[in-house]
Amino acid sequence: MSEIRSRRRYAGPALFSYGFRPFFLAGALWAVVAVMVWLPQYFGELTLANAFQPMDWHAHEALFGYGAAVVAGFLLTAVPNWTGRLPLQGRPLLLLFSVWLAGRVAVALSGQIGWALAALVDCAFLALLCAAMAREILAGKNKRNLRVLIVVTLLLVANAAFHIEAHLTGDAAHGRRFALAVIIALIMLIGGRIVPSFTHTFLQRRGAGRLPQTFVRFDGICMAVSVASLIGWVLAPENRAVGLALIAAGLLNAARLARWAGDRAAGDPLVAILHLAFLFVPIGFVLSGLAAFVPAVPASAGIHAWGVGAIGGMTLAVMTRASLGHTGRALHAGWGTKFVYAAVLLAAATRICAALAPQASFVLLHVAAFAWVAAFLGFALVYGPALLRPRLD
C-alpha cells in the first residue's frame, strides 16, 4: 500500500522514485569503472593522485564505493516494506545520492584536497543513510529492525578507521579487513532471511518436497562463531587459533546453506544464484583459515572469495530480483540476467584461482577483471532502461 501511495504522490524523475534505482545503477557503473582503473594500477601502468596507496584505493572503492551504494539501495527499498511508510524519494533521495557521488570525487581528489576533507565527505554518506533509516524505522514503530543499523554504523566506523589508518601508516590493512568483515556479516544476516524465504516461495509452487529450514538455534550459533572468527581475523589474520575458528565458521556456514534446500532450486536462476553466491561465504572462511597454516594458500584467496564471489554475487542476485519486482516486471531471468550471473561466478572462480596459481595469475587476473566488468556492465545495460523509467502498472 505504501508503494501505491508513493506512486500516486511522486511526479519527479523515475530514477529518484525509489532508493534502489539510482544506487543500483550507479553502483554497477562504478563497479565497472573501479576495476577498469584498478587493473592497470595493479600492473604498474597507471598512477592515481589520491591519498591512498593503490591497494587501499582498490579496496576502499570496492567496499565503500560500490558496496555502500548497493547496501543503501537495498535498505532504502526494504525499510518501507518493514515500516509501511513512504520510501525516501525526490529531493531527499537526490541529496543522499549526491553525497555518495561526492564521496567518490573526494576520494579521487584526496591527494589535492587532503585526506581529512576527503574522509569527511566520504563518511557523510553512511552517516546520512543511518540517520534516514533510523528516522523511518522509529517513525514506523518497527524497532525490531533497528539491529540492521548496528551493521551500517559499523560500516561507517570502518570507513572512518580506513581513512585514518591509511593516513597514519600508509597501509589500511586493518581497515580493509574490518570493512570486508562487516559486509560479510551483513550478507550472513540478510542472506539468512532472504535466501530461505525466496527458496521457500519458489519450492511451494512446485508442490511436495523438502523445504528450507527456518531460523533455529543452530543459525544463531553459526552467526556467533562467524562474527567471533571475523573479529579475530581483523585483528590477527595469521594467528592459528583464529585460522581454526575461521575454518569452523566456514563449515558451519556450509551446513547452514545446505539446510536451505538449494539443490532443489536449480529450476529458477533468480533463486539458484542466491545459493551459489552465498556458497562463497563458507569458501572465504575456509580459505582465510587455511592461509594461517598453508603457505600455498595466500590471504588474497579468501579475501576475493568473499569480495568477488559473496559480495559481487549476492549483490547482483539482490539487485536483479529487486529491480524486476519493484519496477513491475515478472520475476523471470532472461538471457541477459543469466549472462550477468555466469559472468560474476566466472570472475569469482578465476580471481580465486589467480591467487592460488600465481604462475598463471596474469591471464587469470585479466579474465577475472573482464568477467567482472561484463557482469556489472551487463546489469547496467539490461536493467538500466527499467531503472530509468516509471514502474509498469
Side-chain angles (χ1 to χ4, degrees), residues 22-23 25-73 75-76 91-134 149 151-183 186 234-235 237 300 303 307 311 369:
F23 285 112
L25 182 56
L29 292 174
W30 186 244
V32 171
V33 172
V35 167
M36 290 181 68
V37 172
W38 164 242
L39 195 62
Q41 280 191 88
Y42 181 83
F43 289 106
E45 299 167 354
L46 177 67
T47 300
L48 298 181
N50 60 60
F52 290 138
Q53 56 119 332
M55 180 64 74
D56 283 344
W57 179 86
H58 170 58
H60 185 275
E61 291 309 288
L63 297 167
F64 297 109
Y66 169 72
V70 177
V71 167
L75 292 177
L76 290 173
R91 289 182 180 178
L93 180 56
L94 174 60
L95 172 62
L96 186 62
F97 175 74
S98 298
V99 173
W100 173 82
L101 192 60
R104 312 287 56 77
V105 175
V107 169
L109 299 178
S110 55
Q112 287 75 44
I113 67 175
W115 77 274
L117 178 57
L120 182 64
V121 174
D122 186 40
C123 291
F125 170 66
L126 287 170
L128 288 175
L129 177 63
C130 281
M133 288 180 54
L149 287 181
V151 182
V152 182
T153 302
L154 285 174
L155 196 59
L156 169 60
V157 173
N159 196 10
F162 194 112
H163 282 277
I164 294 170
E165 184 183 16
H167 172 68
L168 293 178
T169 70
D171 181 11
H174 289 85
R176 293 196 301 266
R177 292 194 298 271
F178 185 9
L180 182 57
V182 171
I183 296 180
L186 184 61
V234 171
L235 299 175
S300 62
I303 288 171
I311 296 176

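The shown structure was predicted, so the numbers you read here are calculated from the model rather than taken from an experiment.
For the pair T169 and D171, the tightest heavy-atom approach, listed with the atom from each and the gap, is OG1-O, 2.9 Å. When all heavy atoms of A179 and L155 are compared, the pair lying nearest together is O-CD1, 4.2 Å. Closest approach of G170 to Q53, counting heavy atoms only: O-CG, 3.4 Å. In terms of heavy-atom proximity, L156 sits nearest to C123 at CD1-O, 3.4 Å. The nearest pair of heavy atoms linking A181 to V234 is CB-CG2, 3.8 Å. Taking each heavy atom of V121 and G103 in turn, the nearest pair found is CG1-N, 3.9 Å.
The CE atom of M55 sits 7.0 Å away from the OH atom of Y42 when rounded to the nearest 0.5 Å. The CG atom of L235 sits 8.0 Å away from atom CZ of R177, with the distance rounded to the nearest 0.5 Å. Rounded to the nearest 0.5 angstrom, L39 CG and F43 CZ are separated by 5.5 Å.
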Pair I311-L63, side-chain contact (heavy atoms from CB on, under 4.5 Å): steps then yes or no: CA-CA 9 Å; I311 296 176; L63 297 167; 4.2 Å; yes
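Every residue meeting the ring pair (Phe, Tyr, Trp, His ring centres under 6.0 Å) condition with Y66, not counting sequence neighbours, appears here in chain and number order: F376. Partners of A172 according to the side chain to side chain contact (heavy atoms under 4.5 Å, CB included) rule, which considers only residues two or more places apart in sequence or in another chain, are D56, F162, E165, A166. With sequence neighbours excluded, the residues forming a side chain to side chain contact (heavy atoms under 4.5 Å, CB included) with P40 are E45, L46, listed by chain and number.
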Name each donor-acceptor pair under 3.5 Å that joins a side chain in residues 31-38 to protein atoms two or more places apart or in another chain, with its distance.
none

Which atom pairs, donor and acceptor, lie under 3.5 Å between side-chain atoms of residues 104-118 and protein residues at least two apart or in another chain?
from: R104; atom 1: NE; to: E61; atom 2: OE1; distance (Å): 2.7
from: R104; atom 1: NH1; to: W100; atom 2: O; distance (Å): 3.1
from: R104; atom 1: NH2; to: E61; atom 2: OE2; distance (Å): 3.4
from: R104; atom 1: NH2; to: D122; atom 2: OD1; distance (Å): 2.8
from: S110; atom 1: OG; to: A51; atom 2: N; distance (Å): 2.7
from: S110; atom 1: OG; to: V107; atom 2: O; distance (Å): 2.8
from: W115; atom 1: NE1; to: H167; atom 2: ND1; distance (Å): 3.1
from: W115; atom 1: NE1; to: H167; atom 2: NE2; distance (Å): 3.1

Tell me which donor-acceptor pairs under 3.5 Å the side chains of residues 124-131 have, and how far apart each pair is, sequence neighbours excluded?
none

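The ring of H60 has its center closer than 6.0 angstrom to the ring center of F64.
Applying side chain to side chain contact (heavy atoms under 4.5 Å, CB included) to F23 and the options V71, L75, L76, V70 leaves one that passes, L76.
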